[in-house]
Amino acid sequence: MEPAPCCSASYSYDDYKETADWLLARTNKQPKVAIICGSGLGSLADLLKDKVVFPYKDIPRFPTSTVVAGHAGRLVFGKLNGRECVCMQGRFHFYEGYSIQTVTYPVRVFSLLGVESLIVTNAAGGLNDSYNVGDIMVIKDHINLPGFCGQNPLVGHNDDSFGVRFPCMSDAYDRDLRALAFQTAQEQNCDSFLQEGVYCMVAGPSYETIAECNVLQTFGADAVGMSTVPEVVVARHCGLRVLGLSLITNKVVTDYDSDVKVNHEEVLATTEIRAQDLQRLVSHLVTKI
Ligand code: HPA
């Protein structure tokens, strides 16, 4: 049996620094862009050229992944369409049992590596009735539902060397990067399935009940998923610009007479169909950041 991941963890500046220094000593690459690949979207990292790859288990202090179908566990440095990037192929999810601080550990490491912009991708369920399966939603804002319940990664001692005690979140998703996503989608002829909306994070791993979906729709969420928000909160705390992209892999069930059942296989099947479009969008926009 896999050992349980660390459920409670607190890290010091020195921990993040040790990880960053270890990586800096092993690659001469200095990416300004980091990409966190969501479920089924890790193949983006395979597109990188001149790759330098570090399995998470080899990186000091880095969390190691419990491999869920569709997630690998490695940090990949390299050039995406000519632009130096670092990619997380496989992220850490709260539902796997990691603490919310562990989930966000890589983001502070990115900041210490000199990264300035973070692109986060995820698979999400569509709450907005006008969305279709296969749409890509540019995240305009988020609802941090675990945060409502005390699971905010910034709870606890504030390390001022990363950011302020009470960071602003009304500008979490960079307006210029969102505009760039739409502009690039137009150029790449994939704007017909690009949406913009609000992402709500739930802890998971159970999918939402019908009543829960109704609540989330009433809250104003357009898509629901089990990731991204903690990383974005930590990224904004340390001053990274953020672009978030959700691939709508399924529509949530809101009808008590429906026989549709959301399942992970459907989620992965949709990511396979749209992964290439998402990769094309990301690889063209990174060159313009
Ligand atoms: N709910 C939560 N997370 C998800 C979903 C969903 O419907 N689809 C993909 N990730």
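Start at 1 and go down the list; that is how both ligands and their atoms are numbered. No hydrogens, no waters, no symmetry mates; every other heavy atom, side chains included, goes into these values. We number each residue from 1, following the sequence as shown.
No N or O atom of Tyr207 sits closer than 3.5 Å to an N or O atom of ligand 1.
Near Thr249, the atoms of ligand 1 lying under 4.0 angstrom from a non-hydrogen atom of the residue are 8 (N), 9 (C). Applying the 4.0 Å criterion to heavy atoms of Ala123 picks out, from ligand 1, the atoms 9 (C), 10 (N).
Residues Val155 and Tyr13 do not share a hydrophobic cluster, clusters being chains of Ile/Leu/Val/Met/Phe/Trp/Tyr side chains in contact below 4.5 Å. Clustering ILVMFWY residues whenever any of their side-chain heavy atoms sit less than 4.5 angstrom apart, transitively, puts Val224 in the very cluster that holds Ile210.
A side-chain donor-acceptor contact under 3.5 Å links Tyr11 and Thr102.
Ring centroid separation for the pair Tyr105 and Tyr98 does not come in under the 6.0 Å cut-off.
Summary of contacts: the protein heavy atom closest to atom 7 (O) of ligand 1 is Asn250 ND2, 2.9 Å. For atom 3 (N) of ligand 1, the closest non-hydrogen atom on the protein side is Gly225 CA, 3.4 Å. When hydrogens are left out, the protein atom nearest atom 4 (C) of ligand 1 is Val224 O, 3.7 Å; that is the closest non-hydrogen contact. Atom 5 (C) of ligand 1 has Gly125 N, 3.4 Å as its closest protein atom, hydrogens excluded (heavy atom only).
One finds no salt bridge joining Lys17 and Asp14 here, because no Lys/Arg side-chain nitrogen approaches an Asp/Glu carboxylate oxygen to under 4.0 Å.
Ring-plane geometry between Phe148 and Phe219 is classed as tilted, the angle between the planes lying from 30 to 60 degrees on a 0 to 90 degree scale.
Considering each of Glu208, Glu266, Met201, the one bringing a non-hydrogen atom nearest atom 2 (C) of ligand 1 is Glu208.
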